[in-house]
Visitor: 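Just passing along the structure, written as structure tokens.
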Amino acid sequence: MNQPHDPAAGETAVPALNQQNMVDLMHRLEKTMEGSYSCDEAYALLDEYVELVADDEEAKKLMPMVQNHLDMCPDCRDEFEMLLQILKTADAEA
Ligand SMILES: [Zn+2]
């Protein structure tokens, strides 16, 4: 799945990825195709997901696999709610 960078493919605000990040991302995408996330995988995306939720983006549509995991995993849901609280608190103080 190593595609050459194509500037015509629509640049989005993606931060520069180093090689390792790219490999991780590919692994994540492959896992996504297989089915549901493990706790590790959901946790790796939790920061990102929390920010989407806090920004009122359509987090469930953008990252349905994370939401899917949170729905069935109380441990990760606790972690998610904790992160969300921290983020909202930080926003309120800003
Ligand atoms: Zn979990």
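If you're wondering where the values come from, they're calculated on a predicted model, not measured in any experiment. Note that ligands are numbered from 1 as they come in the structure, with each ligand's atoms numbered from 1 the same way. Quick note: numbers below take in every heavy atom, side chains included, and nothing from hydrogens, waters or symmetry partners. Residues take their numbers from the sequence shown, with the count starting at 1.
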Visitor: Does anything in residues 39-70 form a ring pair (Phe, Tyr, Trp, His ring centres under 6.0 Å)? List the pairs, not counting sequence neighbours.
Guide: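 Checked against ring pair (Phe, Tyr, Trp, His ring centres under 6.0 Å) - neighbours excluded - the pairs reaching residues 39-70 are Tyr49-Phe80.
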Visitor: What's the shortest heavy-atom distance between Met72 and Ser36, and which atoms?
Guide: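 Nearest pair, atom of Met72 first, then Ser36: CE-CB, 3.6 Å.
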Visitor: Over all heavy atoms of both residues, which pair between Cys76 and Leu46 is shortest? Give the atoms and the distance, please.
Guide: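 Result for this residue pair: O-CD2, 4.1 Å.
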Visitor: Show every donor-acceptor pair shorter than 3.5 Å between a side-chain atom in residues 56-64 and any protein atom, with sequence neighbours excluded, or say none if there are none.
Guide:
none

Visitor: Got a sec, which pairs hit salt bridge (charged side-chain N to carboxylate O under 4.0 Å, His left out) with one end in residues 69-88, sequence neighbours left out?
Guide: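 The answer is none; no pair qualifies.
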Visitor: Mind checking how many protein N/O/S atoms fall short of 2.8 Å from the Zn ion (ligand 1)?
Guide: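 Of the protein's nitrogen, oxygen and sulfur atoms, 4 lie under 2.8 Å from the Zn ion (ligand 1).
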Visitor: Indicate yes or no for a side-chain donor-acceptor contact from Glu48 to the backbone of Leu45 under 3.5 Å, with no hydrogens or angles considered.
Guide: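 Such a contact is absent between Glu48 side chain and Leu45 backbone.
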